Structures are given as C-alpha cells and as structure tokens.
Amino acid sequence: MSEIVGIKFKDTGKLYYFAPNGLVFEKGEGAIVETARGVEFGTVAVANKEIPDAELKELKPVVRKATEADYAQHEENLKRRHSSVRQAQNMANRRKLDMKFVDAEFTFDNSKVIFYFASDNRVDFRDLVKEMAATFRMRIELRQIGIRDECKMKGGLGPCGRVCCCNDYMTDFERVSIKMAKHQGLSLNPGKISGLCGRLMCCLKFEDDYYADTLKFMPKLNSEIDTPKGRGRVESIDVLRQTVVVKTVAADESFELHEYGLEELGITPVYPDKCANCNGCKDNVGDDEDDTDVLPQEEE
C-alpha cells in the first residue's frame, strides 16, 4: 500500500495523485507540487489515504504545504489573466491574425504563461510569440482549442437554466451523437439539442445507457403486438414509465386506444450486466453514419 494525496489545479480539472512526502493534508488545503510544466499551486481534493501499489505509477512528491505568501502569489497570478488576455488579443488584432484569445495560465513561479485561443484555421503566430515574449518577459506557449473547450473555459447558462455541465463539474468531454437524441425521442432540430458551443449538448449522454438498453425490449412503433384487448398496433411508447399505447380496431372499423405496462404485455425487462467500474464505456448503439456529433442541416 502507498499513501497518496489527490490534487486538482482547476475546479473542473482532472485529479492528479502525488506522494504526500510525510505531510498530512485536509481537503481544500493548498499545496505546492512539481509538475511537467514546473512548480504549480494546487488544491487538495482527496486527503491522505492509502491505495494498492498496483493501482499507481511512480508518484512525484509534494514540495510543501502552501504558505500565506504562496496563496498571495496564486491570487496575483489569477488576477493577471484577464488583462493578459486583452493584451494578447490586441497584439493579434494589430497583426490581423484570426485568433480569439480565451484564457491564460501563469505557472506558479512566473517562468511561463500559456495562452489558449480559438480559431477556425491554422495560424502562423511565430512573429506574435516574439512580441509577446518581449512584452511579458517570460516563456510564451500558445495552444489552439476547439469550440467545446472554449465553452468549458468561459462557462454560461445552458438551455436548462443551469451552469453548463462542462464548466460546472465535467472533467472530460464524452462522445455525443445524434443517435442519443433519437433514443430519447427528442426533436432533431439543431436549436433544440445544441448547447452554447453549438454542438450537441453533453447531457444527452447522461441517460443514454438507460434509453438504449430499454428500447431493446420495448415494442417498436407501428409494430403489431398481442394485448389483453386483442391484437393491435403500437402508437406510442414511454421509455421512462415503460408503458405502451396500442390501437385496436374492431370489426366495424371503430378503434380504441389502450395504455399497457410491460408486465401486462408479458414483457420482462432484462438489462445487461455491467462491470463494477462501468461508466458508460460501451460503444454507442446505432448505425455508424449516425455516430457523429455534427448536427444535420434541417429546416425549422
């Protein structure tokens, strides 16, 4: 068994494990650690605990607990982000470069600053980097990001009225497809199922496993099935309530609509077994041509 401490560098960032180096941390405390980018300030998300050696790779040790001076330095770095982004954007505009700067990150020791920008095309920013290095007097790194990453960094309120999931708690983007919207019976109008980024909403993935598994044993729309009232045609299904509305036609061509639960139709729900660590990792169900996060062009 090895003792570890879990540290995050952003509220919605990934969790990284470090060796506590004999120090005892509580959740929420600041820590100074050595990373691939250099010395960084992080926040403890998982206090000291022991885990099996087989689950670990080689861990880097924590340098020290954050002091008051470290907290002050970290706050100062955060305050510089917005003004630095404005400066970088002005430099890019003067050079007429197609770049929209979104965010900036200063390393704790101020040896490097990483700028994130969005652009629809590849950009030759070599001359811009030289000007920025002379202005900020530190190493400059520019990273081009996609539209979903831009939304994750900037945040905002989604169509549901809540903060965007990607900005609130999601650490990674999961694959989302049109098939998921079809499983849930949602309108395929792009305006109805798109997030602030213009791509399919991340929340379509949350319940897709349930819908995909349940639809496998639910009767198909417009199919004919046997019911307590005789043979009829399926008019609609409710996946959440697991009910079916069936239309039966009499000899005089009059018809009736009846709602049945699956048990009344002799259907027993059977869900596939999943491993203990399952997190919706199975492939999306459906045709390959639908397995894309690019919305079709449809009329209103």
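Since this is a predicted model, take the numbers as computed values, not measurements. Heads up: numbering here begins at 1 and tracks the sequence.
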Checklist entry - If you draw the axis of the six-membered ring of Phe18, does the NZ or CZ of Lys60 fall within 45° of it and under 6.0 Å from the ring centre? => result no
Checklist entry - How about Asn110 and Arg137: does a side-chain donor come under 3.5 Å of a side-chain acceptor? => result no
Checklist entry - Does some side-chain heavy atom of Lys220 sit less than 4.5 Å from a side-chain heavy atom of Val234? => result no
Checklist entry - More than 12 heavy atoms of other residues, nucleotides or ligands under 6.0 Å from CZ of Arg139: is that the case? => result no
Checklist entry - Can you check whether Ala72's main-chain N or O pairs, donor with acceptor, with Glu75's side chain at less than 3.5 Å? => result no
Item to check | Side chains of Ile145 and Met153 in contact at under 4.5 Å (non-hydrogen atoms) | outcome: yes
Checklist entry - Would you say Val5 and Val44 make side-chain contact, with heavy atoms under 4.5 Å? => result yes
Item to check | Flag, side chain of Gln89 to backbone of Phe101, donor-acceptor distance under 3.5 Å | outcome: yes
Checklist entry - Can Gln73 and Asn77 be counted as having a side-chain donor-acceptor contact under 3.5 angstrom? => result yes
Checklist entry - Are Cys165 and Met201 side-chain neighbours, meaning at least one heavy-atom pair lies under 4.5 Å? => result no
Item to check | Pair His258-Glu256, side-chain donor/acceptor within less than 3.5 Å | outcome: yes
Checklist entry - Do the ring planes of Phe41 and Tyr71 sit parallel (below 30°), tilted (30 to 60°) or perpendicular (above 60°)? => result perpendicular
Item to check | Listed partners of Glu141 passing salt bridge (charged side-chain N to carboxylate O under 4.0 Å, His left out), at least two apart | outcome: Lys112, Arg143
Checklist entry - Would you say the side chain of Phe173 lies within less than 4.5 Å of the side chain of Asp149, judging by non-hydrogen atoms? => result yes
Checklist entry - Would you say the side chains of Asp109 and Thr107 form a donor-acceptor pair under 3.5 Å? => result yes
Checklist entry - Between Phe117 and Lys100, is there a cation-pi geometry (under 6.0 Å to ring centre, at most 45° from the normal)? => result no
Checklist entry - Do the side chains of Arg233 and Ile225 get nearer than 4.5 Å, heavy atoms only? => result no
Item to check | Close side-chain approach of Thr248 and Thr227, heavy atoms under 4.5 Å | outcome: yes
Item to check | Side-chain (Asn48) to main-chain (Gly22) donor-acceptor, under 3.5 angstrom | outcome: no
Item to check | Cationic N near anionic O, under 4.0 Å, Lys10 to Glu105 | outcome: yes
